[in-house]
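Here, residue 1 is the first one in the sequence, and each next residue gets the next number.
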Amino acid sequence: MTQLHAVSPLAIPAAPRVAYAHTPLADVLADDDVLAVIGLGAQPLDETRDPRAIHVALPSLDGAPAPLECWRVDGPVTHGRAGAVGWARGGGWLMACVDVAETDHADGIGQAAEVAYAALCDFLAAQPDGRHVQRIWNYFDRINEGEGDAERYKHFCSGRLRGMRDFFDAGFPAATAIGLPVATDRLTIYCLATAQAGRRIENPRQLSAWRYPRRYGRTPPSFARAMSLPAGDALAISGTAAITGHESRHTDDLAAQLAEIHANLDALLQQAHLPAGFDAAAPLKAYIRHPADAPAVAAFFARHWPHAPHVLLQGDVCRGELLVEIDGWRYA
């Protein structure tokens, strides 16, 4: 059963603390302040019915098993399931997750996205702490398969917007959409929400994604470049690639794409009134299309953000010409 709780309109929660840990899953889930645990890596998580445990099949490129991504909040966490939605809440925050089998939908990824987003938005609309989604993640395989309007990512974008209906009329959250290099035939979506509105951050170097021209599909992507959380204590950064304006830059040039990403991230931090760079409390993820590029990406992190915790994952960026994308968190 879905638990409904009154949420004070004056209560502005501190940001969840996101960190990577090489700790057994059962030990992490035993802590009562854990809102979610994202299991990164090709291998599924240990068998658990706990809705806080979410597996994302992105193989590690760090030369070691990928860590768990742990979200902790200030307060005890309760959790459960409501139909297709797994949820957890605590410390003023709500995590909600939908995982659907694409094979259950005759029209493929577009219909799967529509059904998943409709279920997610219906659930969130009924929660007092669910109306303001700050951050959302989307993962599915074969993201670049198909040409032109037939590309799977474009079908996903159209289905996502149909499923959202009017839920995000006030503005889209920060988001990531990455292709899994492992065949799962599943769409996994999870989000972070609260009762208070955050501040959407756009990048002056980039056209807002929902304003992209028709060449990128019938439906433009639906996300903000970043979100400053309600207390102003953290910035949730969307997947950031080598795009300026609306165009991809530096095809087949990894070093130049990384430099463009660096400039885009610096611009986002400046827009959020945060100092440039990422420190030991700023966890990042790099999604790398070709595993052979991982050493160069590792060297980039060592040179520019040597103290930032980060994981290197094999994943496909939503545009076939882009080689790498970075997302993560920056705490004030």
Side-chain angles (χ1 to χ4, degrees), residues 3 5 7-8 11-41 45-46 48-56 58 60 65-81 85-97 124 127-130 132-137 139 173-176 188-196 198 226-238 272 274 278-285 305 307-311 313 327-332:
Q3 292 189 1
H5 298 285
V7 178
S8 169
I12 301 179
R17 299 174 301 282
V18 179
Y20 300 127
H22 289 280
T23 305
L25 176 63
D27 292 351
V28 176
L29 293 175
D31 295 337
D32 67 0
D33 65 344
V34 172
L35 187 71
V37 183
I38 316 303
L40 303 166
L45 294 173
D46 296 335
T48 177
R49 296 180 59 82
D50 193 316
R52 295 174 296 167
I54 302 166
H55 177 236
V56 178
L58 294 167
S60 171
L68 298 175
E69 180 182 320
C70 306
W71 302 0
R72 296 180 183 273
V73 294
D74 293 333
V77 171
T78 58
H79 54 83
R81 296 189 183 276
V85 180
W87 59 267
R89 60 163 42 91
W93 292 96
L94 173 68
M95 182 283 295
C97 177
L124 293 168
Q127 311 307 312
D129 50 0
H132 294 288
V133 177
Q134 311 292 311
R135 184 68 168 88
I136 196 161
W137 292 259
Y139 298 100
T176 292
T188 300
I189 304 166
Y190 58 94
C191 71
L192 178 68
T194 189
Q196 299 288 339
M227 182 76 81
S228 180
L229 300 194
D233 52 352
L235 185 70
I237 300 170
S238 295
L274 292 170
F278 296 91
D279 58 18
L284 301 171
K285 290 197 289 289
W305 309 312
H307 303 296
H310 61 274
V311 291
L313 303 166
D327 69 14
W329 299 86
R330 177 66 158 77
Y331 289 85

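Listed for the Thr194 side chain is a donor-acceptor partner under 3.5 Å among the backbone atoms of Gly92. With hydrogens and angles disregarded, a donor-acceptor distance shorter than 3.5 Å links the side chain of Gln134 to the backbone of Gln196. Listed for the His55 side chain is a donor-acceptor partner under 3.5 Å among the backbone atoms of Gly41. Between the side chain of Asp233 and the backbone N or O of Ala14 there is no donor-acceptor pair closer than 3.5 Å. Between the side chain of Ser238 and the main chain of Ala174, no donor-acceptor pair closer than 3.5 Å is present. With Trp93 contributing its side chain and Ala88 its backbone, the two residues share no donor-acceptor pair below 3.5 Å. Between the side chain of Arg52 and the backbone N or O of Val34, at least one donor-acceptor pair lies under 3.5 Å. In this structure, Arg135 contributes its side chain and Met227 its backbone to no donor-acceptor pair below 3.5 Å.
Arg72 pairs by the side-chain hydrogen bond (donor to acceptor under 3.5 Å, both in side chains) definition with Asp31, Asp33, not counting sequence neighbours.
Minimum interatomic distance between Ser228 and Leu235 (heavy atoms only, all atoms of both residues): N-CD1, 3.7 Å. Closest approach of Leu284 and Ala308 over heavy atoms only: CD1-CB, 4.2 Å. Smallest separation of non-hydrogen atoms from Leu313 and Leu58: CD2-O, 3.6 Å.
Here the straight-line distance linking atom CD1 of Ile38 with atom CG of Leu68 works out to 9.5 Å at 0.5 Å rounding. Here the straight-line distance linking atom CG of Leu29 with atom CG of Asp50 works out to 4.5 Å at 0.5 Å rounding. Note: Thr176 OG1 to Asp327 CG = 3.5 Å, rounded to the nearest 0.5 Å.
Ring geometry for Trp71 versus Trp329: interplanar angle over 60°, hence perpendicular rather than tilted (30 to 60°). Using cut-offs of 30° and 60° for the angle between ring planes, the Trp305 and Phe278 rings count as perpendicular.
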key: Test side chain to side chain contact (heavy atoms under 4.5 Å, CB included) applied to Cys191 and Leu124, step by step   = CA-CA 10 Å; Cys191 71; Leu124 293 168; 4.1 Å; yes

query = What's the verdict on side chain to side chain contact (heavy atoms under 4.5 Å, CB included) for Leu40 and Lys285, showing C-alpha distance, side-chain angles and the deciding distance?
reply = CA-CA 10 Å; Leu40 303 166; Lys285 290 197 289 289; 4.0 Å; yes

